Amino acid sequence: MAPSSRSLDRYDTIGVGYGTHRRPDPRWAAQINAAIGDARRVVNVGAGAGSYEPTDRFVVAVEPSPVMLDQHPGSRRVRGAAERLPFGDGQFDVAMAILTVHHWTDLDAGLRELRRVARRQVILTFDHEIESGFWLSEYVPAMQSRDHSWSAPLDRVMKRLETDHVEVVRVPHDCVDGVMAAYWRRPERYLDPEVRANISGLALLSDRDIEPGMHRLAADLESGAWHDRHRDLLELDECDVGYRLVVAGQRA
């Protein structure tokens, strides 16, 4: 079983440092764990460094990138791709996939595999229409102008899983998981190259797409212009920037 070459190439590059900058946020963990429920056997597909895996039950992590697997603390680790899972039909109670489906080579094949090996599916993804309005694109317009053919439309995920159960996953102002919009109220964090290196939507852009915007952001932070434009955000404790939890299948 060969892992997805596209996902492998990306995460062998951007996956370094995930254990530091992409730690699980406890509030997200609580919401994901509630969706997983009392399932005893779980497969985490596109597991990365193991964020959001339940720790009190049988879990198998599947991940194509050796860089990511090396950071995974679990003992049950399999190098492989979502599109060709090396498990029997119905072997798990829940298949979880956390911020990974947009990197799969064949979304439909991966979702079919999740349904084949588990009776329930829990997927954290995002609504691109909402995410595209995030203020960072003011400084890095290439985030929106680049080819988004690799993204996974939310409605397509829901259709393939035959579910309408979708939960909003809000981002707290002090989110410890350094996802794209984690620093919506801490804009200075985007100036750190190590932070950007663990955000695929930024790390996969060229320096010429990133650096001019970072210079403008730094200047706007120093002058106070960013705070003037986005003062409404400073009053919020959490924000909806498009992250969605899709839950499918039936509990036992």
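Model, not experiment: these values are computed from the prediction.
Y243 contributes a side-chain N or O that, together with a main-chain N or O of A181, makes up a donor-acceptor pair within less than 3.5 Å. A distance-only check finds no donor-acceptor pair linking the side chain of R119 to the backbone of R115 [under 3.5 Å]. With hydrogens and angles ignored, the 3.5 Å screen pairs a side-chain donor or acceptor of R116 with a backbone N or O of L85.
The two residues R120 and G249 come nearest to each other via the heavy atoms CG-C, 3.9 Å. Between W184 and C239, the shortest heavy-atom contact is CE2-CB, 3.6 Å. Nearest heavy-atom pair, V195 versus R189, reported as atom, atom and distance to 0.1 Å: CG2-NH2, 3.4 Å.
For the atom pair CG of L161 and CZ of R112, the computed distance is 11.5 Å after rounding to the nearest 0.5 Å. Atom CG in L154 sits 10.0 Å away from atom CZ in F126 (nearest 0.5 Å).
Checked against side-chain contact (heavy atoms from CB on, under 4.5 Å), R41 has the following partners two or more places apart in sequence or in another chain: F58, Q91, F92, D93. Checked against side-chain contact (heavy atoms from CB on, under 4.5 Å), E167 has the following partners two or more places apart in sequence or in another chain: Q31, H165, L245, V247. Among residues two or more places apart in sequence or in another chain, the ring pair (Phe, Tyr, Trp, His ring centres under 6.0 Å) test is passed with W226 by W135, H230.
Evaluated for a side-chain hydrogen bond (donor to acceptor under 3.5 Å, both in side chains) with Y52, the options D177, N33, D25, N44 yield exactly one hit, D177. Each of D240, D232, L233 was evaluated against L236; a single residue qualifies, L233, per the side chain to side chain contact (heavy atoms under 4.5 Å, CB included) test.
Residues D38 and R57 are not paired through a salt bridge, judged by the lack of any N-O separation under 4.0 Å between the basic side chain and the carboxylate.
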